[in-house]
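Below is one structure, written out as C-alpha cells; comments come after it.
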Amino acid sequence: MSPMILASSAAPDPALLPTWIGAIATAAAVIVAIVAISLTYRQVRLTAIQLRDASVQAAQDSEDRTRPYVTMNIVPSIARQGALDLIVTNTGATAATNVRFELLGDGFGLSDDDTHVGPGLRDFFSTPFELAPGAKLRLFWHLPESRAERSDKPGAMGAPVTGELQATYSRDVDGQPGSREYVTKHRYDFTFWPKITPQAWTGKHNEGSSSNPLTHLKNIDFGVRAIAHHVGESTR
C-alpha cells in the first residue's frame, strides 16, 4: 500500500466537524451549568446559615432584654459599725420567680449567741420567693462580735465575712413557669474591704443631764448625724 493512500484514509471527514463542535459546546455548557448550580447552592446555603444565625441572635437579644437579672451586693450595714447587709436587686425587665439562694462552701456557722440573724438567714435561703422588676431587698448579713460590756449576745451573728453566694431563679412565660433557669454568683471578702470602705460618721453619743438645755441640742445634733448616716448608707 502506498503512502498516498494511507494519508488520504486518515484525514477527518469534513462532514463530522459540526457534530464535534456541537458536542464540545454542549459539554462546556454542562460544565458551566454545574459550576453555576454549585455556586448558587453555596450562596443559598450561606444565606440560610446567615438567616439562621441572625434568627438565633435576635432571639438571644430579645431574651437578654426581657429576662430578669438578680444581683447581689454586700455592703456596710445601716445598723452599726462593722456590720454587713445583703442587698438583692432585680435589675431586669421581668419578674424573677422561684428565687433561691445558696451559700457555697462554708455554711452558716451559728454560734450559741446567734439566735436571730443566722437562723433568719437560713430560713430565708430555704424559702423560694419572687422579685419584681426593680425590686430590692436589704437584709442583715453579718453582725460582728459585740464590744459592749453588758451585751447579752457578744458573739458574731449571721453569715461569714468571706464566701460566695449563688442565686438561682427563672421567669414565667405566658403565665407558665419558665423551663430555663438563670444562675448568678457573687464572691465577697470583707476581711479587707472594711479598711478601705468609706462609712458615714454618726457623731458623738448624747451626753449630759436631761435637765441641761445643751443636752437637747446635743441630742438634736446626734439625731441629725444619725439620719445622715442612715440616708447615706441606704443608697448603697
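The nearest pair of heavy atoms linking Pro133 to Gly92 is CB-O, 3.6 Å. Across all their heavy atoms, Pro160 and Leu103 have their closest contact at CD-CD2, 3.8 Å. The shortest non-hydrogen separation linking Val70 to Ala167 is CG1-CB, 4.3 Å.
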Inset, instruction - Could you check Leu137 against Ile87 for side-chain contact (heavy atoms from CB on, under 4.5 Å), going step by step and ending with a plain yes or no? - result: CA-CA 6 Å; Leu137 294 176; Ile87 298 180; over 6 Å; no

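Formation of a donor-acceptor pair under 3.5 Å by the His142 side chain with backbone atoms of Ala159 is found in this model.
Among pairs with a residue in residues 156-169, those fulfilling salt bridge (charged side-chain N to carboxylate O under 4.0 Å, His left out) read Glu164-Arg187, at least two apart in sequence or across chains. Here ring pair (Phe, Tyr, Trp, His ring centres under 6.0 Å) pairs that include residues 160-180, with residues two or more places apart or in two chains, are Tyr169-Tyr182. Applying the salt bridge (charged side-chain N to carboxylate O under 4.0 Å, His left out) test to every pair with at least one member in residues 70-79, sequence neighbours left out, gives no pairs at all. Identified under the side-chain hydrogen bond (donor to acceptor under 3.5 Å, both in side chains) test for residues 83-96, with sequence neighbours left out: Ser77-Asp85, Asp85-Arg138.
Shown here are the side-chain hydrogen bond (donor to acceptor under 3.5 Å, both in side chains) partners of Ser170, two or more places apart in sequence or in another chain: Thr97. Here Glu102 pairs with nothing under the salt bridge (Lys or Arg N to Asp or Glu O under 4.0 Å) rule; sequence neighbours left out. Residues satisfying the side-chain hydrogen bond (donor to acceptor under 3.5 Å, both in side chains) criterion with Glu181, sequence neighbours excluded, are Arg100. With sequence neighbours left out, Val35 forms a side chain to side chain contact (heavy atoms under 4.5 Å, CB included) with Ile31, Leu39. For Thr71, the side-chain hydrogen bond (donor to acceptor under 3.5 Å, both in side chains) criterion is met by no residue, not counting sequence neighbours.
Here the CG-CG distance, from Asp172 to Asn98, works out to 9.5 Å after rounding to the nearest 0.5 Å. Here NZ of Lys185 is found 10.0 Å from CE of Met72. Values are rounded to the nearest 0.5 Å. One distance of note links CG of Leu86 with CH2 of Trp141; it measures 5.5 Å at 0.5 Å rounding. Atom CG of residue Leu84 and atom CG of residue Leu139 lie 12.5 Å apart, to the nearest 0.5 angstrom.
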Quiz: residues 123-130 side-chain donor-acceptor pairs under 3.5 angstrom, not counting sequence neighbours:
residue : atom : partner : partner atom : Å
Ser126  : OG   : Arg122  : O            : 3.2
Ser126  : OG   : Asp123  : O            : 3.0
Thr127  : OG1  : Asp123  : O            : 2.9

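Other members of the cluster containing Val30 are Ile34, with ILVMFWY side chains joined at under 4.5 Å, either directly or via other members. Hydrophobic cluster membership of Val173, counting Ile, Leu, Val, Met, Phe, Trp and Tyr whose side-chain heavy atoms lie under 4.5 Å apart directly or via other members: none, as it forms a cluster of its own.
Aromatic ring pairs are classed by plane angle as parallel below 30°, tilted from 30° to 60° and perpendicular above 60°; the pair His186 and Tyr188 is parallel.
Few gaps surround CZ on Phe101; more than 12 heavy atoms of other groups in view lie less than 6.0 Å from it.
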